[in-house]
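As the structure lists them, so they are numbered: ligands from 1, and atoms in each ligand from 1. Throughout, numbering of the chain's residues begins at 1 and tracks the sequence.
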Amino acid sequence: MTKLWGGRFTKGTDVLVEEFTSSISFDRRLYREDIAGSIAHARMLAKCGIIEAAEAEAIIAGLQDILAAIEAGDFTFETALEDIHMNIEKRLTERIGPVGGKLHTARSRNDQVALDTHLYLRKELAAIGGLLCDLQAAVLETAARHGDVIMPGYTHLQRAQPILFSHHLMAYFAMLARDFARLRGVWERTDLMPLGAGALAGTTFPIDRQMVADELKFGGLYDNSIDAVSDRDYILEFLAFAAILMVHLSRLSEEIILWCSAEFKFVELDDAHCTGSSIMPQKKNPDVSELVRGKSGRVIGHLMALLTTMKGLPLAYNKDMQEDKEGLFDTIDTLKFSLTVYAALVAAMKVNAPRMLDAAGEDFANATDMADYLVKKGLPFRQAHEVAGRSVRYCLERGKKLTDLSLAEFREFSPMFDADILAAIKVETCVTARDSYGGTSPAQVGGAIARGREALGGQLALLDTYRRKVI
Ligand code: ARG
């Protein structure tokens, strides 16, 4: 096969080298963006008088035919043509004749691949943003539905203080809201137009970069041509965003896996979201959560891989950078899958409220409240802590709970106890009383849910502006 760059070579490429250097097996995903970018480029070349209007028309019609052929599954991608850019350009010339060769005027594959990846990531960011909002909505509505369910909150995976289950879920909402904010940042730095950088130094032709940016609805231009073709920060930022989001989903997965176990029995997943065992007939396994937890590893790996690839690269383009794509594509697929399946899983999850409440009443999760009671009567917190600690030890030795103690027993530990101590250390009181801003009281969580709904509305409105820019 004759290469588009064959002129200076005296012999053909080794087949192994062809296979090794080729990226068509994965970068064919960029075909829509590649064609959209080429059409915008051809229009600009004609508008600037660099090619004839009729030539641009022939090129654009040819590109549209190729697009239709690819979408109809009627296009053969050739490994020997290396990548998506040359596969399309070569076919264009075969179809429309030598005029097809004018398309690559004032352009290099270096700025072309950058343009394609920016366009592609912009499209995927809009889609991922939507899925992220869906998951946030599922978390928020599940929290609202179980607004008053009490569970033990944990530190060190030991029961610590009673909390609302909805408060716990809203912590995930807050984490996901930060993920969305990070996605916004990625969008801003992806919404920049690199074409016109040429190989690295710009071009001798009187091009109009702003026109291409406008055609493709970009928010701005890369200012420096070398940076435009060397930059992979936007991909790194996306991978970092994705890795953090996957870590959030992995932590939620870990909790759900624990909560589904017979030891906890806090939630039950819908049968549709679990799988069985080929040997143990009784098993219902939380495989989805385990896989999401597991897949966080590969996304973190993709971030590490690209950081490592980039760290030693001199400016400008180096072929190493072709390695940016597989990790990016796999991250996009993994993230979309994980977000979609999780929104459904969380929404359908059954909550065992009595079991959670029972657990919250065990293991002295109300001991801090006992100490706080004394502090409110004037005892310094450190002494109150000591009194509550001794009471706990007393109960442990007798197999009692703090709420089993008589007033006489309470008074053995401190004369400051009155009959109202029992009400003060009831699990419900422990929750209601934590009414500080951002705390677990029903009033605070209700406020958080209301603010969350509003924030979600803002996110969806922003996503609309993103979707309108997708090519
Ligand atoms: N397939 C290449 C990539 O993905 C396109 C850019 C190639 N440029 C070059 N001069 N080899 O990075």
Side-chain angles (χ1 to χ4, degrees), residues 1-9 12-38 40-41 63 66 70 75-92 101 103-124 190 192-203 212 222 225-236 238-239 302 305-332:
M1 168 128 357
T2 29
K3 305 283 189 231
L4 292 175
W5 40 253
R8 64 98 64 217
F9 287 79
T13 319
D14 185 296
V15 251
L16 203 62
V17 170
E18 249 176 15
E19 226 178 281
F20 188 64
T21 53
S22 167
S23 53
I24 190 62
S25 63
F26 50 88
D27 69 11
R28 63 174 69 180
R29 269 208 205 205
L30 299 173
Y31 73 90
R32 289 182 133 271
E33 289 69 26
D34 196 71
I35 290 173
S38 286
H41 181 65
L63 288 168
I66 292 172
I70 296 176
F75 186 98
T76 320
F77 293 100
E78 303 278 357
T79 303
L81 289 172
E82 202 175 313
D83 56 24
I84 185 66
H85 325 296
M86 292 197 291
N87 267 269
I88 290 175
E89 193 191 321
K90 175 91 176 187
R91 183 63 57 88
L92 179 68
L103 172 62
H104 211 53
T105 311
R107 187 175 76 169
S108 154
R109 276 185 297 149
N110 298 349
D111 55 349
Q112 186 179 358
V113 72
L115 175 65
D116 293 3
T117 315
H118 279 268
L119 285 170
Y120 183 81
L121 184 54
R122 225 175 40 166
K123 171 175 82 185
E124 293 298 345
T190 304
L192 288 179
M193 214 291 293
L195 205 73
L200 78 163
T203 174
V212 176
Y222 272 89
S225 65
I226 300 174
D227 182 44
V229 289
S230 307
D231 177 34
R232 295 293 181 272
D233 290 358
Y234 65 105
I235 302 180
L236 288 171
F238 171 73
L239 296 176
H302 293 320
L306 188 60
L307 282 169
T308 311
T309 295
M310 294 306 295
K311 82 173 186 61
L313 292 190
L315 307 185
Y317 180 83
N318 302 269
K319 186 76 167 183
D320 316 44
M321 288 155 83
Q322 182 165 285
E323 286 292 303
D324 60 1
K325 284 173 208 64
E326 285 157 292
L328 171 64
F329 296 157
D330 184 67
T331 298
I332 288 169

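Taking the six-membered ring for Trp and the full ring otherwise, the centers of H85 and Y31 sit at least 6.0 Å from each other.
Among R109, M321, E323, the residue whose heavy atom lies closest to atom 11 (N) of ligand 1 is R109.
The proximity of K325 to ligand 1, defined as any non-hydrogen pair under 4.0 Å, is limited to the side chain.
Residue S23 approaches ligand 1 through these ligand atoms, each under 4.0 Å from one of its heavy atoms: 1 (N). Shown in contact with D83 at under 4.0 Å from a heavy atom are these atoms of ligand 1, numbered in order with element: 1 (N), 2 (C), 5 (C).
Of the candidates L315, D111, V229, V229 is the only one forming a side chain to side chain contact (heavy atoms under 4.5 Å, CB included) with L200.
Between H85 and ligand 1, a contact under 3.5 Å exists for no N or O pair. For E82, no nitrogen or oxygen atom sits less than 3.5 Å from a nitrogen or oxygen atom of ligand 1, counting backbone and side chain alike.
No cation-pi contact links R29 to Y120, judged by a cut-off of 6.0 Å to the six-membered ring centre and 45° from its axis.
When every heavy atom of D324 is checked against every heavy atom of R232, the shortest pair comes out as OD2-NE, 2.8 Å.
Among protein heavy atoms, atom 3 (C) of ligand 1 sits closest to Y317 OH, 3.3 Å. Among protein heavy atoms, atom 1 (N) of ligand 1 sits closest to Q322 OE1, 2.8 Å. Scanning all protein heavy atoms for the shortest distance to atom 8 (N) of ligand 1 gives N110 OD1, 2.8 Å.
Side-chain atoms of R107 and S38 include a donor-acceptor pair closer than 3.5 Å. Between the side chains of Q112 and D34, at least one donor-acceptor pair of N or O atoms lies under 3.5 Å.
The environment of NZ in K319 is crowded: more than 12 heavy-atom neighbours from other residues, nucleotides or ligands sit within 6.0 Å.
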